[in-house]
Amino acid sequence: MKISKTQSAILEKVKRTIEVLSKYKNFTDFFDNSPRNEQSTFTVAATCNGAWNSSEIWRTKDPEQWAKWERDYLAAVNEHIIIVYAKTESVKALERAGLIEIIKEAKHNGGFETIKVL
């Protein structure tokens, strides 16, 4: 099944995100050492490193949030499960093409799906 340019762009962005995350030893390494342009590939980018912000501070400040981010990171790297913000129709077309599996559908318009890259 042929996919559109938009669908191809969604898939490539997801694959690129997984590739970026996979370069790091673990989530702590990614959080503390990835440059801002790489951080923007992953959903925790707004809160990643800075002179005042480190993995150690976050683990102490909000251990539950840290644990969630770490689980999301591990799911992306190890299982290729990741959140994607895109038109639901485009995501469903990728699933019909056999390129992804939708794990969790968007709850509302403008929401996100959780997908697994096959």
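If you're wondering where the values come from, they're calculated on a predicted model, not measured in any experiment.
The list of ring pair (Phe, Tyr, Trp, His ring centres under 6.0 Å) pairs with a residue in residues 87-111, not counting sequence neighbours, is empty.
Under a hydrophobic-cluster definition in which Ile, Leu, Val, Met, Phe, Trp and Tyr are linked whenever side-chain heavy atoms come within less than 4.5 Å, directly or via other members, I82 and L11 are assigned to the same cluster. In the hydrophobic clustering of this structure, I81 does not group with V20; members are Ile, Leu, Val, Met, Phe, Trp, Tyr whose side-chain heavy atoms approach within less than 4.5 Å, directly or through other members.
A donor-acceptor pair under 3.5 Å is formed between the side chain of T17 and the backbone N or O of K13.
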Fill in: Pair V91-V84, side chain to side chain contact (heavy atoms under 4.5 Å, CB included): steps then yes or no
CA-CA 9 Å; V91 175; V84 61; 4.2 Å; yes
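Residues satisfying the side-chain contact (heavy atoms from CB on, under 4.5 Å) criterion with D29, sequence neighbours excluded, are Y24, K25, N26, N33. When the side chain to side chain donor-acceptor pair (under 3.5 Å) test is applied to E19, the partners found at least two apart in sequence or on another chain are R16. Every residue meeting the side chain to side chain donor-acceptor pair (under 3.5 Å) condition with K68, not counting sequence neighbours, appears here in chain and number order: D72. Residues forming a side-chain contact (heavy atoms from CB on, under 4.5 Å) with E64 (at least two apart in sequence, or on another chain): D62. With sequence neighbours excluded, the residues satisfying side chain to side chain donor-acceptor pair (under 3.5 Å) with T28 are R59.
Ring geometry, Y73 versus F27: the interplanar angle falls from 30° to 60°, so the pair is classed tilted.
A side-chain donor from one of D32 and S55 sits under 3.5 Å from a side-chain acceptor of the other.
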Cut-off 3.5 Å, no hydrogens considered: what does the side-chain donor-acceptor table look like for residues 110-118, sequence neighbours left out?
residue : atom : partner : partner atom : Å
E113    : OE2  : T88     : OG1          : 2.8
K116    : NZ   : E79     : O            : 3.1

Could you list the donor-acceptor pairs under 3.5 angstrom formed between side-chain atoms of residues 98-105 and any protein atom two or more places apart in sequence or on another chain?
none

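Closest approach of A93 to Q7, counting heavy atoms only: CB-NE2, 3.2 Å. Taking both residues in full, the closest heavy atoms of I10 and S90 are given as CD1-CB, 3.6 Å, listed atom of the first, atom of the second, then distance.
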